[in-house]
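The block underneath contains the structure these notes are about, expressed in structure tokens.
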There are 2 protein chains.
Amino acid sequence: MLKRYDLLNAVEAQGVRLTAQRRALIETIQEAKSHLDAASLLELARKRDPKIDRATVYRTLELLKRLGMIDELDLMHLNGEKHYYEVKTQKDHLHLACFNCGEIEEFTSPTFERLKREIADKNEFDIKVMRLEVGGLCKRCAARKPVLQ
Amino acid sequence: MLKRYDLLNAVEAQGVRLTAQRRALIETIQEAKSHLDAASLLELARKRDPKIDRATVYRTLELLKRLGMIDELDLMHLNGEKHYYEVKTQKDHLHLACFNCGEIEEFTSPTFERLKREIADKNEFDIKVMRLEVGGLCKRCAARKPVLQ
DNA sequence: ATCTAGTTGCGACTCATTCGCAATAGACAT
DNA sequence: ATGTCTATTGCGAATGAGTCGCAACTAGAT
């Protein structure tokens, strides 16, 4: 498991007002076992604090994104246009999404790190976010379903 | 300029019915100078054939995606949640999106190709689509605006 | 020229996300 | 502890991209 930042402390350290809703949302994201979309995040966070509104979820996600504490993923839009969120890890990583079974695999590699440095150097580009998503067939599905139309 | 496939011929070769609307849409995508979203594509294609509907645009994009002839991009959602489309090029490439000025730079590199092979090999993943997007500040904006909050 | 299955236009719909505004509540000063 | 002030919240309505069902149309085969 890749090391993740401690959101709650990090947010507090930024001098951001900590409301009950934000606390519930941040703890939920932090402890999530899988990538959450806004609706699932809302549902889970309501177990901690039942009085949270949809709008607050979006506003909090916006805040965390702005602070660079979470990443927003599309995961190849396997299930509609919603976004998914994850706590930023120390190392960038990419996501492999299986079009057949929907499984998401994560992947890190020195080559990825190297590519990142290359982009920054050759283009003199100041990288804030890097989102690499791959769609295709995972090992099992490729074996089972050799041809995709 | 990266070499692009000739869409119209390629589509015909697939035995797909060529309607006036598809022709107009495909020619428009092929000749586009920049990345088009569905709405701009519709607007431009109507100059060739004024009788095209929004739904047909989406259905045609879906078709071309399925045939593997175009790629769908998010371009870091710089301007809302819409998607952008481009004709597939011979080589995969990535997009650098400037959060400040909105400019999109393209980038190819042997390291990117290598990373792709690595993913396919190490994970035994059958890659269909690869979408690598980078957000940050381009050379000029980084110089002009050294600190982003 | 005819036939027919694939394609289209239309309008209504869905779904994710955003907004305006009045009510509320952190957190700092007292 | 209490009051104050401003950021944050909930609510409900709005937006915007994309999708759907269905009747009308048409490309291309015969």
Side-chain angles (χ1 to χ4, degrees), chain A residues 8-9 11-29 35-46 48-67 70-85 149, chain B residues 8-9 11-29 35-46 48-67 70-85 149:
Chain A
L8 209 52
N9 282 341
V11 169
E12 203 159 26
Q14 292 291 317
V16 167
R17 189 138 126 194
L18 266 190
T19 63
Q21 292 90 331
R22 283 180 178 170
R23 228 179 272 274
L25 287 166
I26 288 171
E27 285 170 5
T28 305
I29 297 175
H35 300 110
L36 297 178
D37 60 46
S40 334
L41 172 56
L42 175 57
E43 200 186 336
L44 283 174
R46 274 182 171 158
R48 292 167 194 264
D49 178 346
K51 193 149 179 39
I52 302 185
D53 187 75
R54 210 166 63 254
T56 301
V57 173
Y58 285 107
R59 287 188 280 233
T60 303
L61 287 170
E62 191 52 43
L63 171 71
L64 296 174
K65 256 194 292 177
R66 214 170 357 92
L67 295 173
I70 57 171
D71 275 321
E72 188 178 59
L73 312 171
D74 291 315
L75 299 184
M76 279 304 181
H77 301 302
L78 253 41
N79 288 296
E81 295 303 310
K82 54 180 167 276
H83 292 128
Y84 296 87
Y85 300 89
Q149 75 288 20
Chain B
L8 209 51
N9 282 341
V11 170
E12 203 159 26
Q14 291 291 316
V16 166
R17 185 136 124 197
L18 265 191
T19 63
Q21 292 88 332
R22 283 181 177 169
R23 227 179 270 276
L25 288 166
I26 288 171
E27 286 171 2
T28 304
I29 296 175
H35 300 109
L36 297 178
D37 59 47
S40 333
L41 171 55
L42 175 57
E43 200 186 336
L44 283 174
R46 275 183 171 158
R48 291 169 195 263
D49 179 346
K51 192 148 181 39
I52 303 185
D53 188 74
R54 201 166 74 259
T56 301
V57 173
Y58 285 107
R59 288 189 279 232
T60 303
L61 287 170
E62 192 51 44
L63 171 71
L64 297 174
K65 255 196 292 178
R66 215 170 357 92
L67 295 173
I70 57 171
D71 274 321
E72 188 179 59
L73 313 171
D74 291 314
L75 299 185
M76 280 304 180
H77 301 301
L78 252 42
N79 287 296
E81 294 306 309
K82 54 181 166 274
H83 293 127
Y84 296 86
Y85 301 89
Q149 76 291 15

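Keep in mind the model is a prediction, meaning the values are calculated, not measured. Proteins come first, then strands; the chains are lettered A, B, ... in the order of their sequence lines, and each starts at number 1. Scope of the values below: all heavy atoms of this structure, side chains included, with no hydrogens, waters or symmetry mates.
In the set dG9(C), dG10(D), dG28(D), the nucleotide with an atom closest to the side chain of T56(A) is dG10(D). The nucleotide whose nearest atom lies closest to any side-chain atom of A55(B) is, among dT17(C), dG26(C), dC10(C), dC10(C).
Within 6.0 Å of CD on E43(A) lie no more than 12 heavy atoms contributed by other residues, nucleotides or ligands.
Protein atom CG of L42(B) is 15 Å distant from nucleotide atom P of dT19(D), rounded to whole Å. In this structure, L25(A) places its CG atom 12 Å from C1' of dT9(D), rounding to the nearest Å. For E43(B) and dA17(D), the CD to P distance is 13 Å, given to the nearest whole Å. Rounded to an integer number of Å, the gap from CG of D74(B) to C1' of dA16(C) is 14 Å. When rounded to the nearest whole Å, the span between CD of E62(A) and P of dA16(C) equals 18 Å.
One finds a side-chain N or O of Y58(A) lying less than 4.0 angstrom from the OP1 or OP2 phosphate oxygen of dT17(C). In this model, the phosphate group of dT26(D) is not approached by any side-chain N or O of T19(B) to a distance below 4.0 Å at OP1 or OP2. One finds a side-chain N or O of H83(B) lying less than 4.0 angstrom from the OP1 or OP2 phosphate oxygen of dG18(D). OP1 or OP2 of dC11(D) has at least one side-chain nitrogen or oxygen of K51(A) nearer than 4.0 Å. Between Q21(B) and dT26(D) there is no side-chain polar atom (N or O) within less than 4.0 angstrom of OP1 or OP2.
Inspection of the E72(A) and Y85(A) side chains reveals an N or O donor paired with an N or O acceptor under 3.5 Å. Between the side chains of H83(A) and D37(A), not a single donor N or O lies within less than 3.5 Å of an accepting N or O.
Within the 4.0 angstrom heavy-atom criterion, only backbone atoms of the sugar-phosphate kind lie near R22(B); the bases stay farther away. Within 4.0 Å of A38(A), counting heavy atoms only, lie sugar-phosphate atoms of the nucleic acid but no base atom.
A 4.5 Å side-chain heavy-atom check between L78(B) and Y84(B) finds every atom pair outside the cut-off.
Applying the 3.5 Å distance criterion, the base of dA7(D) shares a donor-acceptor pair with the side chain of R17(A).
The pair E62(B)-R59(B) does not count as a salt bridge, with every side-chain nitrogen at least 4.0 angstrom from each carboxylate oxygen.
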